[in-house]
Amino acid sequence: MKTIDDLQVAGKRVFVRADLNVPLEGGTITDDGRIRAALPTITRLAEAGAKVIVASHLGRPKGAPDPTFSLAPVAKRLGELLDATVEFATDTVGDSARSTVAALGDGRVAVLENLRFNPGETSKDDAERGAFADRLASLADLYVGDGFGAVHRKHASVHDLPARLPHAAGDLIATEVGVLRRLTEDVERPYAVVLGGAKVSDKLGVIEHLLERADRILVGGGMAYTFLKAQGHEIGASLLQEDQIPAVQGYLRRAEERGVEFVLPVDVVAGAEFPDLGAKAPTNPTVVAADAIPADLMGLDIGPRSRELYASKLADAATVFWNGPMGVFEHPDYAEGTRAVAQALVDSPAFTVVGGGDSAAAVRILGFDEKAFGHISTGGGASLEYLEGKTLPGLAALEEA
């Protein structure tokens, strides 16, 4: 896979496919982590004299302009972080995009409007997607793929556009791929994996793959209750994917056969109902045994004994991958499990990887210094699919000559 070092960018129009899919509330960016992650590539290209054309998706508009998902606030924030004027095109391949790019000077940066405002970006029809990629290609001389959070999507700007221009991986993608290789090839052991989040079905592929590689797998979050139920325990009103119980039982058997340690909560913080994340009002939580949750309560976080157990299982690890919170970390009554896992990674001498998505958001929301972790991924779904052994369309396109 070529990198920016393999391109001659001075004076060239360089299309950078970034991942600027940041959370917005009323037009205000609540977490600019993904914009910051894109800065090294954008800065390096601009300093080398390129005309930098930054493009991204944001949210899930339905193939048409929607002000709710405009990248205008992102362009403004990018300008603040670069301490430079960033031009903004109000469309993707129309008059505004063409005139904005035509007026762009060497070393300057422009942002195109949300790529998903055009139905060709996400179309499943190769011809429609290709036609949109042709129009994007007309804006640029070179392509740099740097949106790791989107490389698992077969979208026009991710999969089709690189085939139409000389291309290379940006600094972020090069870093992400290097990290993921450390999690899949020549892994330093003991190798511990922490998996959380709501649904076990979202993690089946990665569990399948990691059973062949990990030494221990620690499970928390909503998915833990399907594991506990599969062992025959009472889980009260906790989240359950009953149809996944046979698969989970199969994984537990295979783990035992292969000597992979599966660690489940021994106690949980439970509540009578799912908390209001907006009000964050006290909910009167109670700690109960994980194998005997009362019928009128639901588990919403791992308990204090589980936090100690999980920290002990991570203390001697040489490599740790963490994807998914341990509970409803957005509410203070149920944030301590996720905080404990994050702190265990901070305290560990291991190579620690936070696998994007809610885990990365939790690290920032709970106030941890991002530099205290070995790596915080920008792509939760992409990281998981890579670890499942899947071919990622965006990476495959960058690897092609």
Side-chain angles (χ1 to χ4, degrees), residues 2-22 27 29 32-58 65 69-118 121 132-150 156-158 161-162 164-175 378 398:
K2 289 184 178 180
T3 66
I4 292 174
D5 294 329
D6 298 308
L7 299 177
Q8 298 296 322
V9 303
K12 300 291 182 66
R13 301 170 300 165
V14 182
F15 188 104
V16 178
R17 197 344 177 152
D19 178 12
L20 307 178
N21 185 28
V22 296
I29 297 168
D32 66 359
R34 284 179 173 166
I35 304 175
R36 291 179 180 274
L39 289 178
T41 290
I42 294 169
T43 300
R44 188 142 81 97
L45 290 169
E47 289 178 349
K51 308 173 200 288
V52 187
I53 307 156
V54 183
S56 176
H57 70 287
L58 195 157
F69 299 110
S70 175
L71 279 171
V74 172
K76 181 176 182 293
R77 181 59 180 150
L78 179 60
E80 293 169 351
L81 293 170
L82 291 172
D83 193 21
T85 299
V86 170
E87 305 298 334
F88 180 64
T90 57
D91 56 30
T92 54
V93 290
D95 292 342
S96 180
R98 289 193 296 272
S99 62
T100 299
V101 171
L104 203 60
D106 294 352
R108 303 299 296 273
V109 179
V111 173
L112 303 182
E113 185 54 286
N114 192 336
L115 291 166
R116 290 185 181 175
F117 285 1
N118 189 303
E121 169 67 0
F132 183 50
D134 287 338
R135 297 180 71 187
L136 291 173
S138 71
L139 299 173
D141 306 303
L142 304 170
Y143 175 92
V144 170
D146 208 40
F148 181 73
S157 65
V158 176
L161 185 54
R164 289 157 168 79
L165 294 169
H167 54 266
D171 292 345
L172 178 60
I173 278 187
T175 297
T378 57
L398 291 174

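- Residues Leu112 and Leu139 meet the side-chain proximity criterion, which asks for heavy atoms closer than 4.5 Å.
- Minimum interatomic distance between Ser56 and Asn21 (heavy atoms only, all atoms of both residues): OG-N, 4.0 Å.
- For the pair Thr43/Leu82, a side-chain contact is recorded, criterion being any heavy-atom separation below 4.5 Å from C-beta on.
- Annotation: side chain of Val86 is not in contact with side chain of Val54 (no heavy-atom distance under 4.5 Å).
- Side-chain atoms of Asp141 come within 3.5 Å of backbone N or O of Arg13 as a donor-acceptor pair.
- Side-chain contact check for Arg164 versus Asp134: some heavy-atom pair is nearer than 4.5 Å.
- Thr41 contributes no side-chain N or O that, together with a main-chain N or O of Ala38, makes up a donor-acceptor pair within less than 3.5 Å.
- Listed for the Asn114 side chain is no donor-acceptor partner under 3.5 Å among the backbone atoms of Leu71.
- Between Ile4 and Val14, the closest side-chain pair of non-hydrogen atoms is not below 4.5 Å.
- A salt bridge is defined here as a Lys NZ or Arg NE, NH1 or NH2 lying under 4.0 Å from an Asp or Glu carboxylate O, and Arg17 with Asp146 fails to meet this definition.
- A donor-acceptor pair shorter than 3.5 Å cannot be found between the side chains of Asp19 and Thr378.
- Counting heavy atoms from C-beta on, the side chains of Thr175 and Phe148 never come closer than 4.5 Å.
- Side-chain atoms of Val74 and Val111, non-hydrogen and from C-beta on, never get closer than 4.5 Å to each other.
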Kindly determine whether Leu398 and Tyr143 satisfy side chain to side chain contact (heavy atoms under 4.5 Å, CB included), including the steps that lead there. CA-CA 9 Å; Leu398 291 174; Tyr143 175 92; 3.9 Å; yes

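- The closest side-chain heavy-atom distance from Leu78 to Leu39 is below 4.5 Å.
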